[in-house]
Amino acid sequence: MSKAPEGNCQSASQTDVYHLFRCRACASPDAIAVEDCGEQTSYAALLCRVDQLAGHFAGIGLKAGDRIAILSRNRREYAEVELAAAATGLIVACLNWRLLAPELRHCITLVSPRLIITEPDLQGLLEQTPDIATLTLGREYEDALTQAGQFTAQPQDPESGLVILYTSGTTGLPKGAVISHRAMISRATVFASELGLSPTDAFVAWAPMFHMASTDHALATLMRGGTVVMIDGYDPDAMHRSIQTHRIGWLVLIPGMIEPFIAHIKERGIAPKGIRVCGAMADLVPPHQISEITTLLNARYLNSFGSTETGLPPATRATIPVGTPPQTLSKQISAFCDIRLVDEADQDVPVATPGELLMRGPTLFSGYWNADAANADAFRDGWFHMGDVFRRNADGTLDFADRAKYLIKTGGENVYPAEIERVLMADPNVTDAAVVRVSDVRWGEAPVAFVSRSCDTVTQDTLMAACRAALAAYKLPRDIHFVAFEDFPRSTSGKIQRHVLEETLRDNLGPSGAK
């Protein structure tokens, strides 16, 4: 050939999320697609409901590129809405029902949806958005399905947006990350390839569907042919039943819920049917918890590093063996992506030198909705700048340092809070830890630690001794504050909100950091 093929040749290589799901439904119509509160829905039945909903969307005049929003807890209808949007070219804005009214109003206004689908008891959160049509889950939703006209899906451009997932950044208002069909399909295939998932492995969607963990992997499971078990939030009894009933590919566990889940399993006992990998964000979990939960579940722990914008790449390949408290949390670079580590001038850094991680690859999102300035900054020179700092090791692995914006400058030296947190959480009686910055008259800034503990044998003296043994003097925390585990402020993904702790310190110490 003298040139690349065009026209129909290129079209034949493209597909979308809906048609891949439809293929699974046609191939295995009687297989269970979704289990919700004990009710099982087959692939054939789910496809029928999705087509009815798509017919309703078309019947009320919604067109490809229009945004709709969903304000709902985890339930079967969430997947139906996303799949019907995939069939019609709509973009679903996945709203966080835990937000305060001003934040929620911002997320809605940002994307200008033509329709909001919501649960009855959440409608009160929409009182200040009276000009947007709503569809209430329950009787009204079911009536819309039964009264919908015939619908025939048309192929969608794989670069078209499918969902908007809001970032939970620690500063400013949330940004809406647009995830395309291409990115969603790539995320499904990359993760299955990296971790050897079976096509029929189940996925337990207990983390909120407005987060990438549940939306990405619920849709991935439905494109592969497995069962999605919908659970409304952290429900240890429901999760316990799922683990003993289903063979699970990835059991999501996040910081903040592992300790109570360990206690629940110990109290009840457990016989997992089979779990390939469990966990996430190992850097934020005490090593002894990783050892204990993997032993109880007989499943490796996922040493992950990804984001809403990137999916589970760029560094979610390594796993931690069962029963092993990790001595290192070095990350393996995911396949099917390209990365760089750069300095503040966007120049590549040598081995062992901290640098911001840049990535490109097919799992990447399509940019932030209606945020030209943020996109111009994030996508400089054809790479996505993650804002996370790593060091590359001689063997090619990566060590996470911290978020670039959490860098603490003390006396001209750089301190990354995660370095200190790893030392603190190595104590088996520390249940969680977070390090934040505080103003310091002499050094400019200084690190301060917040720690929760399971017994009083953990003291400031024992922890400071551990820090002195492992860290340079300038990295030592100026103070260590003990708090109850449940009093740590957390995001909905389980991450400790450092900015809230910093505000607490400022309120108590004043702007100069003086006591």
Side-chain angles (χ1 to χ4, degrees), residues 17 94 158-159 161-170 174-195 207 210-220 250 252 254 277 279-284 302-318 329-342 346 355-369 371 374-390 392 397-406 418 491-495:
V17 168
C94 302
E159 290 299 328
L162 173 58
V163 297
I164 293 175
L165 301 176
Y166 293 89
T167 62
S168 57
T170 58
K175 297 191 294 289
V178 182
I179 317 298
S180 67
H181 290 256
R182 174 262 306 155
M184 197 65 75
I185 294 167
S186 297
R187 293 177 185 204
T189 55
V190 167
F191 190 55
S193 169
E194 290 281 67
L195 294 174
F210 54 73
H211 278 311
M212 58 86 69
S214 282
T215 271
D216 280 16
H217 297 285
L219 291 176
W250 177 34
V252 176
I254 62 175
V277 290
M281 298 183 283
D283 299 83
L284 305 181
L302 187 59
N303 188 8
S304 66
F305 189 87
S307 70
T308 299
E309 293 89 344
T310 65
L312 286 172
T316 300
R317 193 175 199 181
L329 290 171
S330 296
K331 307 283 185 284
Q332 294 181 18
I333 301 171
S334 301
F336 313 109
C337 73
D338 191 7
I339 75 155
R340 294 169 60 199
L341 298 183
V342 302
D346 289 346
E356 181 187 7
L357 194 151
L358 277 54
M359 177 192 149
R360 60 186 179 191
T363 65
L364 200 60
F365 78 132
S366 301
Y368 301 109
W369 187 268
N375 289 328
D377 182 60
F379 288 92
R380 300 191 304 278
D381 301 322
W383 293 80
F384 175 60
H385 294 240
M386 292 191 68
D388 297 288
V389 177
F390 282 82
R392 191 191 297 267
T397 60
L398 302 175
D399 285 340
F400 176 63
D402 218 314
R403 289 289 292 172
K405 63 188 172 186
Y406 288 139
S491 69
T492 50
S493 60
K495 297 179 181 178

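We're numbering straight along the sequence, starting at 1. Hydrogens, waters and symmetry mates are skipped; everything else that's a heavy atom, side chains included, is used.
Under the side-chain hydrogen bond (donor to acceptor under 3.5 Å, both in side chains) criterion, Glu194 pairs with Arg317, not counting sequence neighbours. Legend: residues meeting side chain to side chain contact (heavy atoms under 4.5 Å, CB included) with Ala207, ordered by chain and number and at least two apart, are Ser214. Applying the side chain to side chain contact (heavy atoms under 4.5 Å, CB included) rule to Ala401 yields the partners Val389, Arg391, Tyr416; only residues at least two apart in sequence or on another chain are considered. Scored by the side chain to side chain contact (heavy atoms under 4.5 Å, CB included) test, Phe379 finds Leu364, Phe365, Asn375, Phe384 as partners (sequence neighbours excluded). Legend: residues meeting side-chain hydrogen bond (donor to acceptor under 3.5 Å, both in side chains) with Ser307, ordered by chain and number and at least two apart, are Glu309, Thr310. For Lys175, there are no side-chain hydrogen bond (donor to acceptor under 3.5 Å, both in side chains) partners two or more places apart in sequence or in a different chain. Considering only residues two or more places apart in sequence or on other chains, Ser304 meets the side-chain hydrogen bond (donor to acceptor under 3.5 Å, both in side chains) condition with none of them. Residues passing the salt bridge (Lys or Arg N to Asp or Glu O under 4.0 Å) test with Arg360, sequence neighbours excluded: Asp338. Scored by the ring pair (Phe, Tyr, Trp, His ring centres under 6.0 Å) test, His217 finds Phe191, Phe203, Trp250 as partners (sequence neighbours excluded). Shown here are the salt bridge (Lys or Arg N to Asp or Glu O under 4.0 Å) partners of Asp399, two or more places apart in sequence or in another chain: there are none. The salt bridge (Lys or Arg N to Asp or Glu O under 4.0 Å) search around Glu356 returns none, not counting sequence neighbours. With sequence neighbours left out, Arg392 forms a salt bridge (Lys or Arg N to Asp or Glu O under 4.0 Å) with no residue at all.
Contact detail for Gly279 and Leu302: the closest heavy-atom pair is O-CB, 3.7 Å. Between Ser366 and Ser180, the shortest heavy-atom distance links the atoms OG-CB, 3.7 Å. Considering all non-hydrogen atoms of both residues, Phe210 and Cys94 come closest at CB-O, 3.6 Å. Of all heavy-atom pairs spanning Ala282 and Asn303, the tightest one is CB-OD1, 3.7 Å. Taking all atoms of both residues into account, the shortest heavy-atom contact from Pro174 to Tyr166 is CB-CB, 4.1 Å. Heavy atoms only, all atoms of each residue included: Met184 and Val17 are closest at CB-CG2, 4.1 Å.
To the nearest 0.5 Å, atom CD1 of residue Ile164 and atom OG1 of residue Thr308 are 13.0 Å apart. One distance of note links OG1 of Thr316 with CD1 of Ile333; it measures 11.5 Å at 0.5 Å rounding.
Counting heavy atoms from C-beta on, the side chains of Lys331 and Thr397 never come closer than 4.5 Å. Contact annotation: the side chain of Leu357 approaches that of Leu398 to within less than 4.5 Å [non-hydrogen atoms, C-beta and beyond]. Residues Met281 and Ile254 have side chains in contact (heavy-atom distance under 4.5 Å, counting atoms from C-beta outward). With contacts defined as side-chain heavy-atom distances shorter than 4.5 Å, the pair Val178/Leu162 does not qualify. Side-chain contact check for His385 versus Arg380: some heavy-atom pair is nearer than 4.5 Å.
The residue from Leu312, Ile179, Leu219 that alone fulfils the side chain to side chain contact (heavy atoms under 4.5 Å, CB included) condition with Arg187 is Ile179.
No donor-acceptor distance shorter than 3.5 angstrom exists from the side chain of Asp216 to the backbone of Gly311, with no hydrogens or angles considered. Although no hydrogens or angles enter the test, the distance criterion places a donor-acceptor pair under 3.5 Å between the side chain of Ser186 and the main chain of Arg182.
Ring geometry for Phe305 against Phe400 counts as tilted: the plane angle lies between 30° and 60°, on a 0 to 90° scale.
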